[in-house]
Number of protein chains: 2
Amino acid sequence: MIRIVVADDHPIVRAGLIALFGLEDDIEVVAEAATPDEAVAATVHKNPDVVLMDLQFGARSRATGADATRRIRALDAAPYVLVLTNYDSDADILGAVEAGASGYLLKDAPPHELIAAVRAAAAGESALAPVIASRLLSRMRAPQASLSSREIEVLELVASGRSNTEVAGDLFVSETTVKSHLAHIFTKLGVSSRTAAVSAARTRGILR
Amino acid sequence: MIRIVVADDHPIVRAGLIALFGLEDDIEVVAEAATPDEAVAATVHKNPDVVLMDLQFGARSRATGADATRRIRALDAAPYVLVLTNYDSDADILGAVEAGASGYLLKDAPPHELIAAVRAAAAGESALAPVIASRLLSRMRAPQASLSSREIEVLELVASGRSNTEVAGDLFVSETTVKSHLAHIFTKLGVSSRTAAVSAARTRGILR
DNA sequence: GGGGGAGTCGTCCTTTCGGACGATGCGGCG
DNA sequence: CGCCGCATCGTCCGAAAGGACGACTCCCCC
């Protein structure tokens, strides 16, 4: 019997997961958690085989699913953590993997994929949704788009709506320099306009 | 007995809703739908009292929950549509209300609130999540910076980094029209560039 | 000591954006 | 009915942004 903990702030999602796993006779939901803290506590007390972890917990909780994952993986005899979330942003995926997740699934995944992932995780295997796998690979192929601190500084000002000349004034450099930074940012992010750069940086977690 | 249709592209969410309503003996889920088209079809065939409608359907479907809501509300003896979604952006709320939704709930709502909303909807009453209600009210109080739904639509595309010509193509209008919308957006938000408009809209909660 | 990346600055040129007009049709509202 | 907001389309023009070169300092690292 695979014993799992379900951690998600949405009562509806928890109910759905419990209902789905209720149909499987080799999987048992031993606890549910509505916050990252509850997830860690439940893991400590119930000692499950797998934790199904959401990444986004509503604004009510300052901690994230990645934090909880990190803390859970730091435990003795830590269970495997399967991240189950809505989004597939690079920042989220990277964060989850760094935190020690052994799988990453999207909430719109078909149930059988989810069940299979839980069984795989319980067996110590990694399970990635196809979408996620291809995204990770494309990230490997593409040189990591790490912006320099100066470039991030420029991009933050641009994101706040400042023009090139204004950014130049703010940073005490010439407009040429700002445009030069922006050109580098564009190539690194694979875009060709300031607004697209801001959007890309946001989805990748470079900008808040 | 209140007969409802559940429309959401996430199998997990559908399972959760069905499980939750299964506990209520005055509510019966008569059909589930994974796409907007299925939602309309199910409504036509099952003739429910209430339709629980998600707004975001994955990229697989071009139609949105708002489209489906509009089509359902245009039917004879149309059921009440309760929008149940993850986000509380102004654009989503406005769009849903315009489409004829009689309620707007967030997916992280506690189950009892959801149940109450379904009963209210079945009785022809409107049900808004407290967060949504206050947002609508604050919108009433500050009418100066309210963008039309079309303007928000344009701004969302701009925020994702699309150029004027691309936005024009996406919306099947001329570039002149896009620029016209943007000019209005600029004056309403008190800015003078697309990037500044996106920034302003974000801080005011118009965009997420 | 010779890359190589980051940061700085420059010029030339093209495309895009934004401002300033105007104009039409539609719908709501007093 | 007229007025007004919204959405649509148009032209003209100046300003901003972006691409394509080059070039000069640091500074780090092999």
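So you know, we letter chains A, B, ... as the sequences are listed, proteins then strands, and number each from 1.
- Residue B:Ser180 is classed as a base contact, given a heavy-atom separation below 4.0 Å to a base.
- Rounded to an integer number of Å, the gap from A:Leu189 CG to D:dG18 P is 13 Å.
- At the heavy-atom level, A:Ser174 lies under 4.0 Å from the strands shown only through sugar-phosphate atoms.
- Closest to the B:Val173 side chain, of the nucleotides D:dC9, C:dA6, C:dT8, is D:dC9.
- Here the closest non-hydrogen pair linking B:Asp8 and B:Arg14 is O-NH1, 2.7 Å.
- Atom CZ in A:Arg194 sits roughly 12 Å away from atom C1' in C:dT16 (whole-Å rounding).
- Within the nucleic acid shown, B:Thr176 comes within 4.0 Å of at least one base atom, counting heavy atoms only.
- If you take CD on A:Glu153 and CG on A:Leu171, they are separated by 5.0 Å, rounding to the nearest 0.5 Å.
- Remark: P of C:dC9 and CG of A:Leu171 are 10 Å apart, rounded to the nearest angstrom.
- Checking D:dA17, C:dC9, C:dG18 against every side-chain atom of A:Lys179, the shortest atom distance belongs to D:dA17.
- Distance, B:Leu182 CG to C:dT16 P: 15 Å, rounded to whole Å.
- Atom CZ of B:Phe186 is separated from atom C1' of C:dT16 by 12 Å (rounded to the nearest Å).
- The separation between B:His184 atom NE2 and D:dT8 atom C1' is 11 Å, rounded to whole Å.
- In this structure, A:Glu175 atom CD and D:dG18 atom C1' are separated by 11 Å, rounded to whole Å.
- Closest to the side chain of A:Arg150, out of C:dT11, C:dG7, D:dA7, is C:dG7.
- The side chain of B:Ser163 lies closest to C:dC17, out of C:dC9, C:dG7, C:dC17.
- Under 4.0 angstrom from either OP1 or OP2 of D:dA17 there lies at least one side-chain N or O belonging to A:Asn164.
- In this structure, B:Arg3 has no side-chain hydrogen bond (donor to acceptor under 3.5 Å, both in side chains) partners at least two apart in sequence or on a different chain.
- Under the side chain to side chain contact (heavy atoms under 4.5 Å, CB included) test applied with A:Leu84, the options A:Leu55, A:Val118, A:Leu17, A:Val6 reduce to a single match, A:Leu17.
- For the atom pair A:Glu166 CD and A:Ser160 OG, the distance stands at 8.5 Å (nearest 0.5 Å).
- A:His181 places its NE2 atom 16 Å from the C1' atom of D:dA17, with the value rounded to the nearest Å.
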